[in-house]
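Heads up: the structure comes next, in C-alpha cells.
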Amino acid sequence: MVDVILGLQWGDEGKGKIVDFFAPGYDIIARFQGGPNAGHTLYVDQKKVVLHQIPSGIFHEGKTNLIGNGVVLDPVTFKRECEAVASFGVDYRKNLYISQRAHLILPTHRALDKASESAKGNDKIGSTLKGIGPAYMDKTGRNGLRVGDLLDKNFVTEYIKLRLKHQRLLDGLNFHEDISAWEEEFFEALEFTRQFKILNGEYFINDMIRQGKTVLAEGAQGSMLDVDFGTFPFVTSSNTISAGVCTGLGIAPQQIKEVIGVSKAYCTRVGSGPFPTELNDKTGEQLREIGCEFGATTGRPRRCGWIDLVALKFACMVNGVTQIVMTKADVLDSFEELQVCASYHIDGQSTEQIPYQMNRIDIRPVLKSFEGWKKDISSQKDFRNLPVEMKYYIDFINKYLGVQVTYISNGPDREQLIKVH
Ligand code: GDP
Ligand code: IMO
Ligand code: MG
C-alpha cells in the first residue's frame with residue numbers, strides 16, 4: 001500500500017513538515033521526482049533543517065528512506081545534506097537507499113542551467129539553477145549517467161564523452177566560466193555516494209509492498225509546476241503529480257490509496273510565470289513578512305497572493321486528491337479580510353477551468369471576500385476551539401473543491417497540526 005503527500009500549488013506548501021509528521025505511520029518514505037531544486041523544511045529538536053534530496057522521514061528511527069529512480073541526484077548537495085543530517089545524530093547509512101536508475105546531475109548540467117537561463121533574458125524561467133532541466137533533458141534524450149553507473153568501471157570514460165557534448169552546448173551559449181572547482185567537488189562526492197546502498201528500487205519497493213509494508217511517497221515542487229499540467233513553460237522538468245509516483249518508483253497505480261494534497265491557506269510562487277491571484281501590494285508584503293516567505297533553496301522572496309481555488313480544483317482533479325492538509329493557516333491570523341479566487345475572468349467570460357496558456361492571456365481573478373478570524377490560533381490543538389470565521393472559510397473551500405481539508409497546520413513545528421473532525 002502506498003500513500004502520497006504532494007504539493008497542490010507552486011511548491012513550498014509545507015510538504016516537508018507534513019511528511020515528517022506522517023512518517024511514523026509508514027515503513028518506507030520515498031522521493032519519486034525532482035532533485036535539489038526542492039527545499040523541504042523540518043524542525044528537529046527545535047532546530048531548523050532543510051532537506052533537498054533526502055526523504056523527510058530520515059529523522060525517524062527504523063524507517064527506510066528511498067531516493068527513487070525518478071529523482072535527479074546531485075552528489076555534491078547529497079553529501080552536504082548527509083553531513084547535516086548526521087549532525088543530528090542520525091546514522092543515515094543504515095536506512096537511506098538510492099535507486100540505481102536515478103539520474104545524476106553533473107557539474108555541466110548546472111552550468112547549462114545557468115547558461116540557458118541567462119540566454120533567455122527577460123523570458124527566464126527563474127529556475128533554481130541546480131541543473132534540473134538539463135539533467136532531465138539528458139534522461140529523456142537518452143544521454144544521461146545514472147547512479148548505478150557509478151559502480152561501472154567505464155564511468156569516467158562515459159563521463160568524459162558526455163562532458164564533451166555538454167562543452168559544445170556551453171560554447172554555443174557563450175558560457176565560459178571555469179567549472180573545474182565544481183568538478184573537483186563532484187568527483188569527491190561521487191566517492192561518498194558510491195558507498196551507499198545503491199539498489200534496484202523497483203524490486204525493493206514491490207517486495208516490501210508484497211510483504212505488507214507501507215510506503216509514503218513524498219512529492220517535490222507542486223502540481224502547478226508539473227511539466228505536463230503546470231503553467232508551461234514556467235514549470236519544472238518532472239511530473240510532480242501523483243502519476244509521477246508510478247514512474248518515479250516503479251509501482252503500479254492500483255497500489256496507491258490516499259493522495260494527500262498539501263495547500264497553503266493562501267498562495268505563493270517563486271520564480272517567473274503566471275500567478276493570477278498575486279498581490280503586488282501591501283497585503284502581499286504582509287503575507288510574505290508574516291509567512292516568512294523566502295525560498296528554502298535559493299532564499300529568493302516568494303511572490304504571495306490569495307488562495308486560488310480554480311488552480312486548486314484542477315490540482316485535485318489531476319492528482320485524484322482524497323484529502324487536503326491546509327498549511328500556514330496561522331499566517332492569516334491578523335487579517336481583517338480574506339479573499340479567495342473562485343473563478344477567472346478572461347476576455348469578458350467567466351470560467352472555473354485552467355486555460356491552456358496562462359502566460360499569454362489576461363486573467364482577472366474573481367474574488368470572494370471572507371471575514372478574518374483575527375485571533376492567534378498557533379497554540380490551538382482542538383478543531384472545536386478554532387474560530388467560527390475560520391471554519392466558515394474552510395467549509396467554503398471544502399464545498400468548492402469537493403475534497404475535505406482533514407488537517408490544519410497552525411505553525412512550523414511538528415506538533416502544530418490540528419485534525420479536523
Ligand atoms: P515544502 O517545500 O513544501 O516542504 O515547504 P518549504 O519548507 O519550502 O516552505 C514551507 C515553510 O513554511 C517552511 O519555512 C516551514 O517551516 C513553514 N511552515 C510549514 N507549515 C507551517 C505552518 O503551518 N505555519 C507556519 N507559520 N509556517 C509553516
Ligand atoms: P519544493 O519541493 C518552489 C520552481 C523554480 C522555477 C521553476 C523551475 O521546495 O516545493 P527548476 O530549478 O525546477 O528547473 O525551476 O520551478 N521550483 C520551485 N518552487 N518550490 C520548489 O520545490 C521548487 N522547485 C522548483 O523557482 O520557477
Ligand atoms: Mg520548498
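Just so you know, ligand 1 is whichever comes first in the structure, and atom 1 is the first atom listed for that ligand. Because the structure is a prediction, the values reported are computed rather than measured.
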### Task
Before signing off on this row, confirm whether Gly14 and ligand 1 have an N or O atom pair separated by under 3.5 Å.
yes
### Query
Okay, side chain of Asn410, backbone of Ile377: is any donor-acceptor separation there less than 3.5 Å?
yes
### Query
Which bit of Asn410 is near ligand 1, meaning a heavy atom under 4.0 Å away: side chain, backbone, both or neither?
backbone
### Query
Closest to the Mg ion (ligand 3), which N/O/S atom of Asp12 is it?
OD1
### Query
Among Arg414, Lys328, Glu293, Lys48, which one has a heavy atom closest to atom 11 (C) of ligand 1?
Lys328
### Message
Quick check: Tyr159 with Phe187 (ring centres under 6.0 Å apart)?
### Response
yes
#### Entry: Min N/O separation Gly411 to ligand 1 under 3.5 Å
yes
### Message
Taking a cutoff of less than 4.0 Å between a non-hydrogen atom of the residue and any ligand atom, is Arg269 in contact with ligand 2?
### Response
no
### Within-shell test, Arg302 vs ligand 1, heavy atom, strictly < 4.0 Å
yes
### Lys130 and ligand 2 - part of the residue with a heavy-atom distance under 4.0 Å
neither
### Numbered atoms of ligand 2 (with element) below 4.0 Å of Gly271, judged on heavy atoms
27 (O)
### Residue pair Cys341 / Ile307, side-chain heavy-atom distance below 4.5 Å
no
### Message
Measuring from non-hydrogen atoms of Gly126 to any atom of ligand 2, is the shortest distance under 4.0 Å?
### Response
yes
### Message
Looking at Lys165, I'd like to know if its NZ atom is crowded, meaning that more than 12 non-hydrogen atoms belonging to other residues, nucleotides or ligands lie closer than 6.0 Å.
### Response
no
### Query
Looking at ligand 2, does any of its N/O atoms fall within less than 3.5 Å of an N/O of Thr236?
yes
### Query
For ligand 2, which part of Asn37 has a heavy atom less than 4.0 Å away: the side chain, the backbone, both, or neither?
both
### Task
Without swapping roles, check the side chain of Ser272 against the backbone of Lys124 for a donor-acceptor pair under 3.5 Å.
yes
### Message
Less than 6.0 angstrom separating the ring centers of Phe396 and Phe370, yes or no?
### Response
yes
### atom 4 (O) of ligand 1: nearest protein contact (heavy atom, Å)
Gly16 N, 2.9 Å
### Task
Select one of side chain, backbone, both or neither to describe which atoms of Arg300 lie under 4.0 Å from any atom of ligand 2, heavy atoms only.
side chain
### Query
Between Phe275 and Phe234, does the ring centre distance come in under 6.0 Å?
no
### Message
Which of the numbered atoms in ligand 1 are under 4.0 angstrom from any heavy atom belonging to Tyr43?
### Response
16 (O)
### Query
Where on Phe234 is there a heavy atom closer than 4.0 Å to ligand 2, on the side chain, on the backbone, on both, or on neither?
neither
### Query
Is there a nitrogen or oxygen of Gln221 sitting under 3.5 Å from a nitrogen or oxygen of ligand 2?
yes
### Numbered atoms and elements of ligand 1 in range of Ser409, under 4.0 angstrom, heavy atoms
20 (N), 21 (C), 22 (C), 23 (O)
### Query
At a 4.0 Å cut-off, with the gap strictly under it, does some heavy atom of Gln416 reach an atom of ligand 1?
no
### Gln167, CD atom: more than 12 neighbouring heavy atoms under 6.0 Å
yes
### Task
Would you please indicate yes or no on a ring centroid separation below 6.0 angstrom for His109 and His166?
yes
### Message
Applying a heavy-atom cut-off of 4.0 Å, say which part of Val235 lies close to ligand 2: side chain, backbone, both or neither.
### Response
backbone
### Message
Does any N or O of ligand 1 fall below 3.5 Å from an N or O anywhere on Gly39, backbone included?
### Response
yes
### Query
Is Gly39 close enough to the Mg ion (ligand 3) to have an N, O or S atom under 2.8 Å?
yes
### Nitrogen or oxygen of Thr41 less than 3.5 angstrom from that of ligand 1
yes
### Message
If I apply the N/O under 3.5 Å rule, does Lys15 come out as touching ligand 1?
### Response
yes
### Message
Any nitrogen or oxygen of Glu13 lying under 3.5 Å from a nitrogen or oxygen in ligand 1? Just yes or no.
### Response
yes
### Query
Against heavy atoms of Gly39, which atoms of ligand 2 measure under 4.0 Å?
1 (P), 9 (O)
